[in-house]
Structure formats: structure tokens, C-alpha cells
Enquirer: 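A single structure is presented below for examination.
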Amino acid sequence: MTRIGVITFPGSLDDRDAQRAIRHAGAEAVALWHGDHDLHDVDAIVLPGGFSYGDYLRCGAIASLSPIMSEVVDAAERGMPILGICNGFQMLVEAHLLPGGLIRNDHGSFVCRDQRLRVENTDTAWTNRFESGAEITIPLKNGEGGYIADAETIARLEGEGRVVFRYLEVNPNGSINDIAGITNTRGNVVGLMPHPEHATEEGFGPDTDAAMRNGTDGLAFFASALAALSLA
Amino acid sequence: MTDTVANAIATPDHEQPYAALGLKADEYASIREILGRRPTSGELAMYSVMWSEHCSYKSSKIYLRQFGQKVSPKMREKLMVGIGENAGVVDIGEGWAVTFKVESHNHPSFIEPFQGAATGVGGIVRDIISMGARPVAVMDQLRFGRIDHPDTARVVHGVVSGISFYGNCLGLPNIGGETYFDACYQDNPLVNALAVGVLRHEDLHLANARGVGNRVVLFGARTGGDGIGGASILASDTFAEGGPTKRPAVQVGDPFAEKVLIECCLELFAGDLVEGIQDLGAAGISCATSELASNGDGGMFIELDKVLLRDPTLTAEEILMSESQERMMAIVQPEKLEAFLAVTAKWDVETSVLGEVTDTGRLVIHWHGEEIVDVEPRTVAIDGPVYERPVAYPAWLDALQADSASALPRSNDVDVLRTQFLQLLGSPNLAAKSWITDQYDRYVGGNTALSLPDDGGMVRVDESSGLGFALAADANGRYAQLDPYQGARLALAEAYRNVAVTGAVPAAVSDCLNFGSPENPEVMWQFSRAVEGLSDGCLELEIPVTGGNVSFYNQTGDVPIHPTPVVAVLGVIDDVARRVPSGWQDEGNNIYLLGTTSEEFDGSAWAGTIHGHLGGLPPAVDLAQEKRLAALLAAGAGQSLIASAHDLSDGGLAHALAESVLRFGVGARVWLGDILHRDGVDVATALFSESTGRVIVSVPREDDVKFQGLCEGRGYPVLRIGVTDKLSPALEIQDVFTIGIDELRGTHSATLPDHFS
């Protein structure tokens, strides 16, 4: 069975939720610890949401220097699928696996909402099971989710099709170009602010037109990683 | 110079600042009598905080006993831990238990709203951890002054962002709560925080220090100078105009430290490394040592200079009184100490061994080798003063009750009804609270089955079976001002109903009783009536009170707040997949009104919002009827006959219909004729009266016969009053008004952002 690791930092919050989502997708979830230098032979990695070290400094800044991050960087360079969700996205940016930065929401408050997104790039390890241009709804919850980068970086991301997700209807945090998530040039490392792991089980996801809390649009993220690994 | 026990004996006439510490002259005298000498300054510090109203319940104790006395055998069946421990524990079946408690952090949240509210969340969560449970959700019950008062925004912004900051960072979903605005809370907002945790039966831990030679270990954040006197000076006194600032008595929170502490404690419990545990909240080390010792073998020896400090200049007295957050005290067997320290080191939690359990019957504390405390711990923690305060029927109450809302002009003109309906929908207390709740994480944990805007919150406990619990907390200070006995029963009935509409079966109660000064005999009368009402009500419903909190001195100057007994009801549901939302989502479902309507406007939202009126007698409440209603709803949800259910309370039928439409944006056509005919009321009464025992449910057509049969079989009054309509985006009340969903939503959701964004 495919093994997907979830790294727990002291202040990780959605780590058990990411593990559950991985199980829902039919893979084995492996708990990894930030203080180790051991990836336990996993095939892919999820950096979960939370407040890794309290994040009183820039979010993810200290976590990006955690012992296990050197293994994560090596794995990323070898092409292993790596997904950073929310605080995990912030860590990937702080670790320079993805460009740009994430700043405090433009309205100044934490926001939790069911967020519409468009999938702009279906060639990544975490989105290959989506239809191109698919519109999905998954929860978003962050205080520092405003994506920024210099104009040159934005132009390169847009030009190379590396904007993977874009906010629809509402830009919840002031991100440039409504950017919700991006990928690296190789397409194996993806980071986004919204939370796909919270839309993988009927009854506990976002509301849909059909039924309360029944949205499972997040499942395809993990199914994509399984597909990418089976091809590799 | 250190004030040692020997020094206290040698200098009996030394003047001590007991009054500045919040003690009365007779209380100081009785401390001297207990000790047979004057207390040392350290002992005085301990007694002053532990004998404070906040910690000792000295004014409320004689009334709170009723909760333990008015119990039937059925109420004891599921109660694993009752009043007196950090939080009550309820058996929910399948080897699982739930612990929950609601607590006030009112005064700190007025002085320093952000930290006050944040540490309110932190404190109640530590109570839950102390029971051996994993915290799984929080809720909050907030009351602010007038929405348009210049100071209200300061308090609202601070409190909401404080709860958001702390709760979100702990990874606890916020599953519900309530927010009210009323001038009576202007200078004394109420911030009540509720936390709930789950545990396996065998993981239950209690706060006691047993086993002579076991180590007393303090772990978590370092001790600092914050929150000194929080319980005594701040929580147990009224605010006086022009008095000194009390900001230093407010604690400062670090949610990351608490998050790590939660995980660390759970790993300690899992490794069976802890004999007894207590969180450090009000009264800090004074409370933890004296309570642990009192509840155990009775003796403890502590070396206070082993406490790790944030500020090395703190005196022994300050260390004893500090309410620094994110600290726990554990009793650990010596042979398990090494394993204990390995776990705390893994989580980078600082730990110091302060002393050990003894069989001397004395709590002895040393400071750099000198004895500064030598007391019998019970005299500090348990046998504090008990007051039977004077009680007086309020001089103004008869006049208030005589001033019924039935005398107010009430129009049945359709244009007036439409205007009043929209006025109520957008009024601060009935308007959407999403501006607040969108700042809270409701998803984390992946087990949230219901949260706001549904009537109750619901969390899955067991992933394989779907077993879960529901929670709702309610209070109506306006009703309680008119009649505190009835007000408490109404709060209980509403929370009970709000749990029942989710499909869960109500099982237990926790409360947070917010009142003015107990030194005011009229307040004491209100308090005594509210406790009587609540305890009588719980006995009638046969659900036990598992614990709670009393908050007195909620007043600035001479004017107390409305009595505000917040009642939280916990329910159990076998499978959260059968939960019921508060609004309809499907086309062509029939809408039924359960219960009957009579002319009950006294204390209502209609009287308050349209006429600025408060007077008369609050609605009647028949708890036997509420019990039948809850059983009916549980049966309907259990057979999956009910597509939605919404409780009728503030704002009456009209508001419940509006919220049911807005939940999923699906319209409805409603007719009132049968209500008018059966109940003999006018249209305004049908729409806005706040009669109890009522719920609207939507039922799929194919289940109609079964549902009606269920109601008839149980003899509960039911009327079909409408049908859901997915194609027409409006709420149509036939022959009265039709209002589009966009207008409803605009009116409902604009109010809070207009004032606070």
C-alpha cells in the first residue's frame, strides 16, 4: 500500500485530519515527527495545517528549520510528491521549495469559510485527477493567507502555469491574482492555503447543494498523489 | 526579610494588609483562630485568594447544595463525576465519556478584552485536560453592551479576536455559542467559555495527591507576575468608578504553550505516568497544592524556590498567588518520574519537581530552606467561610411584573408586520453572528457534525460507530430579570430543546451563573431563585447538573446586570450521521409546527426591539411537555423522518422560519390560518410570540404519514403550516408578506459588519 507521511510539529493541528484523509483515499498514513531525521520510507509527504511553533514570528519560519525539513528538501529534489496545506504551505515557502510569501489577511482577521476554487493546473502530483478548470469547494481557515511575491515571480508563475488554484467569488485574504496555491517547476511540490483534508468525508466537509457538510472535493488531491506514484 | 512561621509566632502584632488582599476583618480573625497565630505573609496570600468569592463560593455554597440534593436515581446512572471536581464527567456509552464545563472570565475581558477572553478559553480547556480527557471543542456565550455604544466595539473586537487567537491555535473547533447586546452589560460584559473533552472510561483522572512519597511536579509555562490577585481582587469585587486600574490582575495567554501542554498531558496519561493532576487557574499554586492535598492523603511538602520563574524578582507571596497560564501540577510515583520527565522533554515542556506527598496532614511550604507556610490544607481549600447573605425580594419587581407587554400597541396590518419582521431580523440579538463565528475554526479535528448557525453543536466521538454528542448553551437575561426562577427554567428548556432538535438525547447540564454583587440582598434573592429554578427543572427533566461556575460582582457601581444563568445541555447521539440540520434543503417538504402558541410577549424580542420594553412575566414553560417534545424529536430523527428542525425562541415563529430559509437558501410558502384558528391568536402573536415547547420541522412527503402518526401517538400538538419551495427564492407567509431571500440575507447579515467591520 502506498505510504503517505504526515509530519507533526509541536503546534500542528490538522495532522490527524490529514492522516484520516489519506486513509479515506485508500493509502496508508504514516505519522512523522518534526524532530527526527527519518522519513520512514514514505512515498509522499503532507505538511499539515496548524501553528507549527506558535507562529509568533513569521508563520512556518521556525518549522522550516526543523530537523526533518532537510530530508523533506532532499525528497522534494528527488521528485517525491509533497503537499503543504495552510501552515504547511507557509513552511514550503519559508524553506524555499516554493517562491513568494504569505502575509496577514488584508482584512486583519482570521477567516473560516467554505471556499470556491478553480483548479488551474492538472499536471501536478496532487491535481492530476481533476478536470482542467474544475471548480471545487473546500474549507479555508487562516489568519495569514495573503499570497505575495514580486512582480517578476508572479509573471513567471503565471507564465509557466504554476498557479494551481485560484480563489473564485471571494478573495478571502488579499492574495495577489487570487492565487490560492502554487507548484514548483517539476510539479511534485504543491502548496495551498485551503484545506483539502477537510473535504474528504461525507458529513464533515463543506455544505453542498445536495446535503449538509457532504462535500468531498478534497479526495482527488490524495487520489492524484496515488495516481502519480503508480505511474512513477 | 522572609516572613517565616517562626517569625509570625514571634511577632503576633505585626500589621497585615488583609483588606488590600480582599479579606474582611472577620475573615482575617478566623484565619488567626484556625492557625492559633497570625498567618505568615505567604499564608495570608493563600487564604486571601482561596477564600475569595471566586474560589470559595462562600456566598453561593448554601444554594448550590440543591444540585446535589435534587437528584433521582436515573440522574445518577450516567454521571461518573459530579460537582466539585474540575469538570463533570458523563458516560455516553461504548466505553466513552464526555466531560464539559462552562466558566466565566467576565471582569478580565472588560479590562483587557483580548487577553481576558483568550485566557478564559485557556483556563476552561485545562480543566478538561485535568480530567484525563482530550479537549475536542469549545463554545462561548458572550454578552456586550449596546451595539451602538462607543465602547462596545473595543470590547467586541478584543474578545472575539482573543477567542479566535487562542481557540484556533489550540486546534479546537468552535461549535457554537451565543451573542447578546444589552445596555445592562455595558460596563460589565459577560465572557463565558465552554470546553468539552472526550475520554475512555479507564482514562479518568482526578485532582488528588495520594501515596506518601509521590512527587509533586509543576510543568508547563514558567511562573510570572501576571494575574496576581485575579481571583480575589478582580473577580470578587465590583468595578468602582475612578478606582485603580486592575490590568496587572489579568493573565496573559500563550496558546502554543497550551497546545503543547495538551499533547504532553495526553501522552503522560497514555503512559500511565500520572497519579493525580490539577490545572493551575484561579489562585495558581495556592489552589493546586491545597486542593490536591485536601483531596488526597492530606499532607504535602513543597519547596517553593524550585518553581521556574519568568521573572526572578518575584517574591514567595507573588509566586503563590500568580495566575500565570498554561501550567499543570501532577502527582507522580518516584519510579515513574524519569519516564514522566522524558515525555515533558519530548514536548519541550519545562518541568520542576517541587516536593512530595506526606502523611502529616499539613501543607508545608519552604522558601530557600525557611518554613513560610504550615497549614491544614482543608482550611485553605475546602473549609473556607460560608455566608448566608441577606436576601430581599426586589422592591421594584412587582411594578416591573405588572407592566405587561400586552398593553403595548400591536398591529396586524400587513405592512407593519413586514416592517417589524425585518426590524427583528436585523436587530443585534437576532442578526446573523457569522461576522464572529467566521473568525473561529469549525473544521479542525474533522469531527464537527454541526456548528453555528445550527441550533446546537455536534461532534463525533467514535469514528467507527458514529457515536457523538451535541451541545447547546442558552440564557435569556431579560426573562430572568422579570422572574429569575422562571428565567433559569426557560434557559434550561431552550438549551434542552436546542439539543433535542439536532436529534440527540439530552443527558446532562453544566451552568455558569452570572449575577451582580452578592452583598446586595436583591441580587442574592435573584440568585437563590435562579438556583432553585434550575435545580427543580433538572429534577423534572431528570438530567443531572455535572458542575458549573458562579460569577458574582457583575456590576459597575450600584446597578447589577440582569441575572444571566447560562445553562449548557449535553446530549448523546448514537450515530451523528442521523443528525438534523436547522434549515431545509429539499423541494416540496412539508413544514410542521410542533406545540401551541399563546399570547406571550413579555420579555420578548418583539417587545424589546420594537418597543424598547421590558416588563411583565416571562413565557410559561412546561418541562414535562419539553420532555415529550424531545422524545418525539429523537424518535423522528432516529427513524430519519425529519429533514430539518429548528427551535422557536427569541423572535418566535417568524424568526425561526427566516433562519430555516437562510440556512441553505431554500424558500418556503407558509400559511398561518390553522394556527390562528386552533390557538385563537392574531397574526402578530402567531409570528412573534415566544411561547415555549415549539419547534418547526420539515418532513419529506413520503414520510408524512409516519411523522403524523408519530405525533398523534405521542399526543403532541402538530399543524402543517407550509411547504418548502426550492424554485421560489423567498419566504412567503400567505396573506401577510413575501420577502426574497436576498433581502432576508441582506437584513440578517449586515448588522454586525456594519458596526464592527
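Per chain, numbering begins at 1; letters A, B, ... match sequence-line order. For clarity, every value in this text was computed on a predicted model and none was experimentally measured.
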Enquirer: So which part of T200(A) gets closer than 4.5 Å to some heavy atom of chain B, the side chain, the backbone, both or neither?
Expert: neither
Enquirer: With chain A, which of I262(B), T448(B), V260(B) has the greatest number of heavy-atom pairs at distances under 4.5 Å?
Expert: T448(B)
Enquirer: Count the heavy-atom pairs under 4.5 Å between each of C169(B), S161(B), G171(B) and chain A, then report the option with the highest count.
Expert: C169(B)
Enquirer: To the nearest 0.5 Å, tell me how far Q439(B) CD sits from N105(A) CG.
Expert: 10.5 Å
Enquirer: Does D575(B) CG have over 12 foreign heavy atoms under 6.0 Å away?
Expert: yes
Enquirer: By a 4.5 Å heavy-atom criterion (distance strictly below it), what part of A210(A) contacts chain B: side chain, backbone, both, or neither?
Expert: backbone
Enquirer: Identify which part of E202(A) has an atom lying under 4.5 Å from any heavy atom of chain B, answering side chain, backbone, both or neither.
Expert: neither
Enquirer: Roughly how far apart are R213(A) CZ and S451(B) OG, rounded to 0.5 Å?
Expert: 4.0 Å
Enquirer: For R129(A), look at atom CZ and say whether over 12 heavy atoms of other residues, nucleotides or ligands are found less than 6.0 Å away.
Expert: no
Enquirer: Give the intermediate values and the outcome of side-chain contact (heavy atoms from CB on, under 4.5 Å) for residues H195(A) and Y443(B).
Expert: CA-CA 9 Å; H195(A) 286 258; Y443(B) 277 104; over 6 Å; no
Enquirer: Can R16(A) and N447(B) be said to form a side-chain contact (heavy atoms from CB on, under 4.5 Å), step by step?
Expert: CA-CA 11 Å; R16(A) 287 184 301 275; N447(B) 289 313; over 6 Å; no
Enquirer: Which distance, rounded to the nearest 0.5 Å, do you find between the CZ of F204(A) and the CD of E463(B)?
Expert: 8.0 Å
Enquirer: If we define contacts as heavy-atom pairs under 4.5 Å, which of S164(B), A577(B), S757(B), A449(B) has the most with chain A?
Expert: A449(B)
Enquirer: Can you give me the closest heavy-atom contact between M212(A) and D454(B), atom names plus distance?
Expert: SD-OD2, 3.9 Å
Enquirer: Report which part of D209(A) has an atom under 4.5 Å of a heavy atom belonging to chain B: side chain, backbone, both, or neither.
Expert: backbone
Enquirer: Atom CG of residue position D106(A) - does it have more than 12 heavy atoms of other residues, nucleotides or ligands inside 6.0 Å?
Expert: yes
Enquirer: Out of P10(A), G108(A), G49(A), return the one with the most heavy atom pairs under 4.5 angstrom to chain B.
Expert: P10(A)
Enquirer: Find the one option among L172(B), D254(B), V576(B), V160(B) whose heavy-atom pairs under 4.5 Å with chain A are most numerous.
Expert: D254(B)
Enquirer: So, applying side chain to side chain donor-acceptor pair (under 3.5 Å) with K141(A), which one of N168(B), D438(B), D441(B) is it?
Expert: D441(B)
Enquirer: Under 4.5 Å, counting heavy-atom pairs only, tell me which of G11(A), G203(A), P139(A) racks up the most with chain B.
Expert: P139(A)
Enquirer: Of the listed residues (S12(A), G50(A), P206(A)), which shares the most heavy-atom pairs with chain B below a 4.5 Å separation?
Expert: P206(A)
Enquirer: Please give me the minimum heavy-atom distance between H198(A) and G446(B), naming the atom from each residue.
Expert: CE1-N, 3.9 Å
Enquirer: For the candidates V666(B), L170(B), L450(B), D348(B), which exhibits the highest count of non-hydrogen atom pairs separated by less than 4.5 Å from chain A?
Expert: L450(B)
Enquirer: Which atoms of F165(B) are under 4.5 Å from chain A, going by heavy atoms: the side chain, the backbone, both sets, or neither?
Expert: side chain
Enquirer: Any side-chain heavy-atom pair from T8(A) and E263(B) closer than 4.5 angstrom?
Expert: no
Enquirer: Taking all non-hydrogen atoms of both residues, which atom of K259(B) and which atom of L13(A) are closest, and how far apart?
Expert: CE-CD2, 3.6 Å
Enquirer: Nearest 0.5 Å please: distance from the CG atom of D207(A) over to the CZ atom of R663(B).
Expert: 4.5 Å
